[in-house]
Structure formats: C-alpha cells, structure tokens
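First up is the structure itself, then whatever we jot down about it.
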Amino acid sequence: MKENINSWKDLPIGGIVDEPGTAMAYKTGDWRTLRPIHNSEKCINCLACWIYCPDSAIILKDGKVESIDLEHCKGCGICAHECPPKVKAIEMVDEADFR
Amino acid sequence: MGKTRVARTGNEAMAEAIRQINPDVVAAYPITPATEVMQIFATYVADGLVDTELVPTESEHSAMSAAIGAQVAGARTMTATSSQGLALMYEMLYIAAGLRLPLIMAEVNRALSAPINIHCDHGDTMGGRDAGWIQIFSENSQEAYDNLIQAVRIAEHSDVLLPIMVTTDGFIISHAMEDIDIYSDGEVRDFIGTYKPLQPALDYKKPITVGSIDFVDYYFEHRRALAQAMSNAKNAILEVGREFGSKFGQEYGFYEAYKLDDAEVAMVCLGSTAGTGKDAVDNLRKRGIKAGLLKVRVFRPFPAEELAARLKDVPQICVLDRSDALAATGGPLYAELLAAMFEDRADHTVINRIYGLGGRDIKVGEIEELLSSQVSAAAGGKSIDRIGYLGVRE
Amino acid sequence: MGELIEIRWHGRGGQGAKTAALLLADAALGEGKHIQAFPEYGPERMGAPVQAFNRISEEPIRLHCQVTNPSIVVVLDPTLVGSVNVVAGLPEDGIILINTAETPAAVRERLSIKGLKVFTVDASGIAKEKIGRDVPNTPMMGALIKVTNLLDFTKMLEDNKKKLTKKFRNKPEVIAGNLEAIETAYREVKSE
Amino acid sequence: MSNLKQLATRQAPLCGGHRACAGCSAPDVVRQVLMASADPVVVGSATGCLEVSTTIFPYSAWNVPFVHSAFENAGASVSGMEAAYKSLKKQGKIGDEKINFVAFGGDGGTYDIGFQSLSGAMERGHNMMYVCYDNGAYMNTGIQRSSATPRGAMTTTSPVGKVIQGKQQQRKDLTACMVAHEIPYVAQTTPAHWRDLNAKVEYAFSIEGPKFMNVLAPCRLGWGYPMELTMDMCRLAADTCFWPLYEVVEGQYKLTYTPKEKKPVEDFLKPQTRFRHLFRPENEHVIAEIQQEVDRKWERLQKLCTL
C-alpha cells in the first residue's frame, strides 16, 4: 500500500489497510528521551527484554538478542529494568548524548 | 422459467427468498413484526435445507455486529429486523456501510417509540437513511421477494459494495397472505451467483486490518469513496432490475409510474400504499379527474433527477409520507422530492459543496474562491456543478 | 377490474379466525383466484374478540387498506353476537353467516337486523360430533361456500383433503372427521 | 508450555511503529497471547487504546488479520467471524486449517459497554477466546472510572474532592461473572507472569468452545508510576493478592500462583499516584477496607480451589 495516497480513488475499498505491518514505516524512535544500550558481552540471552518490550523493538537473530530497533523503541526502559539484576546488559542513557 | 403461484405473507416471502439465497451466515434478534422471518428461516436451518450458520444473538446491536464480523470474514450474510431493532443497529449500520460490506437486510417497517407501537410506518427506515445503506421499498409480498433476490446482486456489484435493506410494510404486508410467484431454487441461485469477497479477513496468508482509525488526513477521502459507491448504485440497480425482468418477467427500476402520462394530479408514495393508491386513481378517473401515481421504489440512492424528470409535466403533486421528519418541514420523501424538483423550477441557483468531513479544515480563501466562481459562472452564463466536494483529494 | 369480494371473520383469540381466512385464501388460490388474507393485529390475547379478513378477486389485488365494507361477514363464536357489532359496514344485500344453533329469524330478531341475508349453522355442534372438538372454522368453510358460491365446493373439498392428508398423516380419523364436518355444514346451513 | 526460545520462532503478531504510550502493557498482552498460538489467528477488537494506537491509517501494526468495528461489540463481532469460518469450512469454500479466533477488549469494552455482547457470545458457545486487557479505567478517553476501577482510585470521573475522594465502589469481579457463564475455561493472569500466561493460553487454544482470559494491564498514565515499572506493577498486584493468578477449568478452580509471602495491599497502592490521596491520615481507613476486601476475596478463592 502506498504511504501517501493522494486521491480518494486510490484508497483500498472499505478503509482497510490491505497489507500487514505497515506501521513499520512509522518511526516512533523520536519519542525517546532515554536510549537503551545493549551490551552483548554481558547478555545471557534470557530474552526477558524481548518478551516484555511493548514495541517489538528487541531484534533477535537465532534466538539471541542482536540489537535494538531504535527506529521504533520509545525508550520506556522496561528492557533495562527487566534485565536480571546480576546481568544488567541494557543500560538507559540520555538520548541527548546522541544528538 | 419455472414460476409457482403460492400464497405467502410478506414475512414468508422474505424467508423464502433468504432460503433460496442460502447465505453463509444469518445473525438476527427477534422483533415484531419481523420476528417471523427468522422464525421461519430457523426451521430451514433446523431441517438442513440451507448451509447457513444461524447466529441468534442477544440483541440487534450484536446481530448487526456479528453480521459485520461474518461479512468481513468473507461470508455472504443476512439479517432481518424492524423498528426499535433497527434503531438499536443504527451505530452499526454506518459501520457496515463505511467498511463497504454488501450485507443484506430484510426490514419490516414499524413505527418507533414512544409511545410504543407495533404497526407500520416508515420512521425506522428513515432514521437510517443517511447511514450509507441502499434502501428499497416493496409494495407487496411479490416485490419483497423479488427485491431481496435483486438485493444480493446490487449490494455485491463490484462498483457498489454497499449494504442494502429491502423493506415491507409491517403487518399490512408482513402478515398479510397474498398470491405471489416463486421462482425455482436453481434459477434464483443462478441469478444471484456465488459471493466472491474482495479481501476476506479469514485469509490469514494475506492479513488485512479492518476498521482502522482515520485522522483529518484520510477520513474525507474514505467518505468520498463511499459516496461514490452510493452514486454508482444507481446504475447497478437499473442493470440488475433489467436483468431480473428478462429472466423472471417483471422488470424493476427506481419507480413505478401509474397513469401518470396525462395526469393533472399525482400522488407520490412508498410501499404498500401505492397499491391502494392505484385503486384510488382508477376511481378518480371514473369521476373524471385525471389522477396518476408515482411509487418510489428506491429511496437510497435517491433518484432525484429521474423522479423530477418523470413528474416534470404534472401540475399538481401530492406526496404521501408515512413518517414525519419532525423538522417542521414535512416528511422526508416530500422534502427530498421538493429539493429534486426545485432545480428545474426555481429562479435561484442553489449549489451544494460537501466540506470538512472528519475535521478537514476550511479556510477563508476556499470560501472566497467558491463563492466568486459561482458568481462568475452565473455572469458568464456558464453551468456550475450543483453538487460537489470542497477540500477532498480528487 | 373484476368483482372484488371482501370478507370479515369474527372470532375470539385462539379460535382460528385467522386460520379460517388463510384456509379460504388458500382454497381460492387453488381455483386460480387472486387472494389476500390478513388478521387484525393488536395486543389481544387468547379469548379477546378478534377479526380477520379476506379479499378474493379474479384480478390482481392492489388494495392494502383495512376491510371496512365487507360484503360477507362470518361469525365463528355465537357469544360474540350482541357484544361486538358484527354487522358493521355490511351493505343492504350483505351476507352474515353465524355459528349458532339458533335460526336466522331468531338471530335477526335478537339483533334487530334490517336488510341483509342472515344464515346460521351449528358449526360448533357439528365439529364436536364429527371432529370431537369445538373447532368451528372448517365446517364454517363448508357453510360459507354454500351461501356464497364463492368457490367450487367439490374442488374445495378435494383441496382440503390434500392439505389435511399432509398435516394429519398419522391421524386418518381427523381427516375424515374434518371432511364430514365441512360437508355436514354445507348441507345443514339454514337460511330464512 | 513453550519457552521463550520457542516463542521467538513464532511470527511476531504485532510490529513496532504503533502509537501506544511508552511502557504500555497492552501490546505485551497481545504479543504474549497471540504467540502462544501455533495455529493461524484471526483477531477482533473493541474500540480502545489498543485498537486506536495500532491502526492509524495507513499504518497497521498487525501482522495477523485484525478486525475492529465498534466499542461494545467485540464478542458479537468475533462470534460472527467464527460463524463465517464454520459455515465456509463446512461448505468447502475455505480450507480446513484450524484458526484460533481471539477478541481483545479493554475493561471499558469488556466489563461495561461490551458486557452484554461478551455474555451473549460466551453463552452461544462460539469457539473463540476473549481476552480483556484490564487497565482499570477508560484510558483511551482520558482516564474515566469503569466498573473495573478499584475502590479509592482517582480518575477524571471519580476525582479527589473535598467530600468524595476517589472511586467509592469496589471493582466488579468480571472473572467471577465469566465463571458463572459455565464456559469451559476462564483464567486470570498478567503479562509479567509470561509463563503462566503462555500455559493458560496454550491450554485454552487446545480446547473447543468459548474461553475467557482477564489479563491485568498496567497503564502508567492512568495509574501514575514510572514507566519502566510496568511489569513490577503486575507482580505487586499478584503478590498482594489484589489480582490472584488462577484458572477455572470446567468449573474447577485452581490457583496457578501463590505468593511466597502475601504482601500488604499498600505495596501495590503506594507506587501509584491514583491512590496517593489514600495515604493521607483521614483516608487510611479506606486502605484498611481495601485490605479487608482483598483478604476476604483471597480466602474465598482459596476455598473455591479446594472444592
């Protein structure tokens, strides 16, 4: 589906969104004031961050945490908080440091 | 072509049509005087005469909601209701239309409360007249049956894809037995064909999202497309009406004109009163009064131009409304017909622009541009579209 | 347009006035006529006085208003006579057929009826004897045809036989009883 | 029950880019419920935060078929879809693969405006699962009280004033209402207890008939706690027995989680600004009453589990 539909004649019938997952084109990463930094050396790949992330922003590869989808992560910090206390593989840092 | 003459009440005739249509899903809640339609149909389900899943819901709101769910899923779906039941569905009527679902409803006209009253008027249907449903009125049991069969083709027409209600007058038709012609199951099924949903939600391999939220950026365009579908329904209704005529013998259009050609006075009405009116016209003609009658069959889309053209040469017109718009301007049929006829007869030019749907902004400049273009069109003797849209992305 | 015959049935809720109208319409349809049959609807429940109506014509029927001036009135329950205005709207030469053991003359006197053709038949008595229950509507059909010549009696009987056979496949005595009741009423209906 | 490695191989039902608040638990509920299905799912939803935030045209966060029509009708709408599936399958118009039908509704769409539609769908016995994500108020319209709002909570329609302070009534026990429907499966859980949730949903999908899950779904906006604590709020609710985890299979109650040490309900109330006023001296009796109510219900539940 086209992202910017100009004419009413081009809309799918009935207001449906005729493809899955089109929200990926919408970036919610700029909502963030804190950025999660994932340390793969500390990570034990328990996947707690993955199961609890509300924004599906923990990217896995072969069952291991590969990276964090910063285009969609809103910086809620659930991942860092849920990372086991003895592991602490995710740290929330000020987003301003990256601007 | 096999016709069988049988004695059927309006409700029996509608139930017979639904049996022949053999919808995939029927969802309904009982209400007088439409209750019988579903009661009879339930016996067909119980006897295995149809493939239908019957969902006997706990309210009309849920009946329409379940019907919407079923149709979205990919099933040809029908329901039946009346009066308060239709009123309880109003919210969902708009949604069925907005989602462009070719749902089919057998509606038995009954007055709205308060006071509570079980008998016929058209107030229930009129309450849903701006909901985006096609509305076809029936004069008698035969038309109720014929109209329901045509309704499937009209609603599912690829240029239309809108819900449709076929109405009959409560008790007057719904509970009165009349002789009607029933066509064979095979011929009805050939006529309606099989339902091919555009993008069924059950197709999990091609997941779709139905019922999303629009902001100012898209709502107007979605509604514009919906309006176009209603406009397209006019051709579909005529096309299907003609094909029905060539197959079953009785052709249908937007209206039926009775002794109208030389009429000095004509009555205009909806539903069963048209039959009574024809007898009145005959009696008046015997008394030397050139009377005529125009029965409006299709109320949505409103065939404004066609009705105005047909009544152009009739000097005296009397519109009979079986509902009151409570607008201090008479009944809805009167108001709409009057508007349709005004264009040809008035000294004014009155145009209409639909704007601002879904919160779309309207700016000073746009209003200036619109009004000045109307003035300059008038000055230059140019025509200007009577109805149009302002601010939609064409 | 051919002659349109309008009939009003008087009965009590649950007594079969509507069914009688439907049966008559069905029989008329069997003879190729155009028909209407409809009850009067209100909040009445079992026992309340009710009405049902027929229209029968050689031409298609377009009227969808109430029947206010019937040419024929049939009264299914004798106790209604005197409490309901059963002759309302009947023309001078109208027909009234009443289920009662009384004679037409007695009814006429009791109701001070002027004009009209009054007929009576003890349909309840006949029904009790032949069918075993007080179901006057089928015998009344027989009497109605005798006094109106509305339909061909033999054809109507044949038509009824077919329908009853379908409905009471396992109760041949009910079928026979009904048919006998119709015939008896046809024979026994009293005129003045 | 599946482990996280197994779940990770399933298709993600919901993608990023939706507009739920940062730290919202509703997407977690959805992901955990739908990933528990090995079969295809078709989802219906009531109007509410979840639906609005995930379907802003032309952006849909759903990777599975998703159908929304109105606020009060998720039960009816999904029952219609399930009826369509049965009819089309019976007629051979679609394949005969198993599809799990799931309805989602918030507490507004489930406890209140959609209660009748839910009740009807359950009574009719449709093969579907209804999941309520209960965040305890009408959050989508700006935090108004619902019948799921706990006693004492401050909302915009149960404000803290001079004479009335927060919601005066106890919350409706919807899970008990659904048990009274005598459907094959009713359960209560939270997304923080993902193993518990997964086991319940997997079991529910394995049986025919109507199923109901009441899932606590903390709302950091309406509850007023730091957003990274969403899962902690669930744990506190379970550990204080404010929100016990249990299931009712064919009428048989079973506790699926017993806290090692039952914490005072204060521990659940304290981190939330919606209960802040209860900690003023004049309102302390309300906390005591809430505790009494929690204790009463916890004892009753334990008894029910021994029946």
Side-chain angles (χ1 to χ4, degrees), chain B residues 22-27 29 50-77 79 91-92 94-96 98-99 101 194-197 199-215 217-219 221-222, chain D residues 11 13 19 39-45 47 51-95 97 99 101 103 114 116-121 123-124 126:
Chain B
N22 190 20
D24 300 312
V25 174
V26 164
Y29 187 79
V50 286
D51 299 311
T52 311
E53 275 294 319
L54 180 64
V55 188
T57 52
E58 82 297 333
S59 74
E60 284 88 357
H61 192 283
S62 283
M64 186 45 63
S65 298
I68 287 170
Q71 190 88 37
V72 164
R76 183 182 267 161
T77 307
T79 187
E91 181 200 24
M92 301 316 296
Y94 285 77
I95 292 171
L99 297 178
L101 302 175
T194 49
Y195 176 51
K196 293 179 200 73
Q199 279 181 288
L202 283 187
D203 187 357
Y204 56 85
K205 285 172 188 147
K206 287 184 198 152
I208 58 166
T209 295
V210 180
S212 59
I213 178 169
D214 274 3
F215 287 108
D217 52 355
Y218 284 105
Y219 182 83
E221 279 67 32
H222 276 129
Chain D
Q11 183 209 26
R19 303 328 149 83
D39 297 305
V41 294
V42 171
V43 175
S45 171
T47 308
E51 168 270 325
V52 166
S53 65
T54 55
T55 67
I56 298 172
F57 189 87
Y59 305 106
S60 170
W62 296 86
N63 286 323
V64 295
F66 175 87
V67 177
H68 155 257
S69 62
F71 191 7
E72 66 281 54
N73 68 354
S77 168
V78 175
S79 61
M81 290 200 276
E82 188 261 358
Y85 168 74
K86 268 212 300 234
S87 175
L88 298 175
K89 196 163 90 164
K90 181 176 70 187
Q91 298 176 66
K93 289 179 177 173
I94 54 167
E97 302 94 322
I99 293 179
F101 289 89
Q116 173 185 316
S117 159
L118 165 65
S119 177
E123 182 275 330
R124 289 191 300 274
H126 295 279

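Naming: A, B, ... by sequence-line order, numbering from 1 per chain.
- With contacts defined as side-chain heavy-atom distances shorter than 4.5 Å, the pair D:Pro13/D:Asn63 does not qualify.
- At a 4.5 Å heavy-atom cutoff, the contact between B:Pro56 and chain D is made by backbone and side-chain atoms alike.
- With a 4.5 angstrom heavy-atom cutoff, B:Ile208 touches chain D only via backbone atoms.
- For B:Phe215, the part lying under 4.5 angstrom from a heavy atom of chain D is the side chain only.
- Residues forming a side chain to side chain contact (heavy atoms under 4.5 Å, CB included) with D:Thr47 (at least two apart in sequence, or on another chain): D:Glu51, D:His68, D:Phe71.
- With a 4.5 Å cut-off on non-hydrogen atoms, B:Lys205 touches chain D through its side chain but not through its backbone.
- Contact count against chain B (heavy-atom pairs under 4.5 Å) is highest for D:Pro65 among D:Pro65, D:Gly75, D:Ser69, D:Pro40.
- Side-chain contact of D:Gln116 with B:Ser59: a donor-acceptor pair under 3.5 Å is present, judged by distance alone.
- Among the candidates B:Val25, B:Ile95, B:Asp24, the residue making the largest number of heavy-atom pairs closer than 4.5 Å to chain D is B:Asp24.
- Ion pairing between D:Glu97 and D:Lys89 fails under the 4.0 Å rule for side-chain N and carboxylate O.
- Using a 4.5 Å cut-off between heavy atoms, D:Val64 touches chain B through its backbone atoms (N, CA, C, O) alone.
- Side chains of B:Thr57 and B:Ser62: no donor on one and acceptor on the other come within 3.5 Å.
- Annotation: maximal heavy-atom pairing with chain B below 4.5 Å, among D:Gly80, D:Ser45, D:Ala61, D:Ala84, occurs at D:Gly80.
- For the set B:Arg76, B:His222, B:Lys206, the count of heavy-atom pairs under 4.5 angstrom toward chain D peaks at B:His222.
- Between the side chains of D:Ser119 and D:Glu123, no donor-acceptor pair is found at a separation under 3.5 Å.
- Using a 4.5 Å cut-off between heavy atoms, D:Ile56 contacts chain B through both its backbone and its side chain.
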Check: residues 65-75 of chain B side-chain donor-acceptor pairs under 3.5 Å, at least two apart:
| unit_1 | atom_1 | unit_2 | atom_2 | d |
| --- | --- | --- | --- | --- |
| B:Ser65 | OG | B:His61 | O | 2.8 |
| B:Ser65 | OG | D:Asn73 | ND2 | 2.8 |
| B:Gln71 | OE1 | B:Thr77 | N | 3.1 |
| B:Gln71 | NE2 | B:Ala75 | O | 3.4 |
| B:Gln71 | NE2 | B:Tyr195 | OH | 3.0 |

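- Looking at B:Met64, there are no atoms closer than 4.5 Å to chain D (heavy atoms on both sides), in backbone or side chain.
- A donor-acceptor pair shorter than 3.5 Å can be found between the side chains of D:Thr54 and D:Trp62.
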